[in-house]
Amino acid sequence: MRTAATLLALLLALPAAGASPAAKPASRTACDLVVVAGAALPMDAAFAVRGETAVAIRGGKILAVGDVSAIDAAYLPKERIVRAGGVLLPGFVNTHTHAAMNLLRGISNDQPLMEWLTKFIFPAEAKNVSPAFVRAGTDLACLEMIRGGTTTFADMYYYESDVAASVDKAGLRAVLGETWIDFPAPGHANLEESKNVTRAFLEKWKGHPRVTAAIAPHAPYTCSRETLQAARALADEYGAPLLTHVSETQDEQKQILEKYGKSPTAWLDEIGFLGPRLSVAHGVWLTPEDLKLLAERKVSLSHNPESNMKLGSGIAPIAAARKAGVVVGLGTDGSAGSNNDLDMLDAMDFAGKLAKVAALDPTPLTAPELLRMATIDGAKALGLDRLVGSLEPGKRADLIVVELENSHSQPVFDLPSTVVYASRAGDVSLTVVDGKILWDGKRVRTLDEAKVLAAAKEWRGKVLKSLEESGKKK
Ligand SMILES: [Zn+2]
């Protein structure tokens, strides 16, 4: 069927008037998609800042990144997308969230972590979290992430096989950690059930091109030595990633010190939990010795500046962690009250300003460093840097365009700083994952937006009712 849109695409695929006629269409290599943007930050090792750039994509893979004339001369795409006023980037990698908690967005605010968790989050979860809840919440989170330019995320929650189904449908890439915790939780009556559920999850999603099944013991203060060691053993058996929370609050630091006589990191090392494929979130109270240990054991760190600020947890030693050789990615954490959104442009902005105010010095964490943390270093932190995190031939085509033609971005003197400190999630006008367009600036192509929002509102009613019934009326 030849619609107006396909006619337009055909016209756009032809070389612009006045362009070099040297390349005959027949000599061009067929490809699926060419994306053209007015500028590009490919996040390669040299940190190139490019002007007008095109990317050619076939079979979900990046074939070439280059000048528009060169790409047009070499490739014949089925579809050609032009974003003349935007900057092309690899998609953002959110290294720590709890996607389904989008259904509890802002349910409890302005409280310390332990109170927030034990009085509101754990009870609300116990009464409401089911496979249906998780699917509706993850759909909502995927919608938010796709519109905001996040193409990969790391998740810690329950019923991760249902999270995976939602992610698969939405078209995103994710590392999904089934949460283990030492009290009965949704789908996890005890450690035995956690092991069985997780083994089935690992088996089911083995080999999926975009979904990596992982294991996520909650934290050293909610998981025993036995639980943590069992999680490490299962992760090693499957070569699966491990995700956890470490040194989030000063309380946790004290609790673990009293219980085990060491910092959480030193204790995790003593029981053999630290090692490759592990990413720890927060790390607010990590000591210099802890940082050394994480670097030696090749453990990555997810920095969640907004959550650490909002819960009053403290300021993570990020510049020191990077200096010690720890790979640091950025995360948003969940939306239930610790952030309350999944906006990675905000995460970069906050991470930068927090580091500067903590040091009383504006030089730590520059805009290029923050962009690295949100893209290639995040991919490294999750063990996905060979696949994604930069725009380079051979990598999977996960890319976004951030529009610059607006009153809060112009004029642009320094492109990385504009993106980090001025751009907003609403400026993202294109999101592509694995070569597939998920968001074209007008419509999310893989999700029914109205349906997802309606389901979220319906769940709000159910959650409120369940809390009223248990006498925890908000
Ligand atoms: Zn978390």
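In this chain, numbering begins with 1 at the start of the sequence shown. Every number for a ligand or one of its atoms is a count from 1 in the order of the listing. The structure displayed is predicted, hence computed values, not measured ones.
- Here Phe153 and Phe92 keep their ring centres 6.0 angstrom or further from each other.
- Under 3.5 Å, the side chains of Ser302 and Asn304 contain a donor-acceptor pair of N or O atoms.
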Extract all donor-acceptor atom pairs below 3.5 Å that involve side chains of residues 446-453 and protein atoms in other chains or at least two apart in sequence.
residue, atom, partner, partner atom, Å
Thr446, OG1, Ala170, O, 2.8
Asp448, OD1, Ala450, N, 3.3
Asp448, OD1, Lys451, N, 3.3
Glu449, OE2, Arg147, NE, 2.8
Glu449, OE2, Arg147, NH2, 3.0

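- The number of protein N, O or S atoms lying under 2.8 Å from the Zn ion (ligand 1) is 4.
- Under the 6.0 Å cut-off for aromatic ring centres, His245 and His98 qualify, their centroids lying closer than that.
- Residue pairs satisfying the ring-ring contact (aromatic ring centres under 6.0 Å, His included) criterion with at least one member in residues 330-383, sequence neighbours excluded, are absent.
- Within the structure, salt bridge (charged side-chain N to carboxylate O under 4.0 Å, His left out) contacts touching residues 284-298 (residues at least two apart or in different chains) are Asp269-Arg297.
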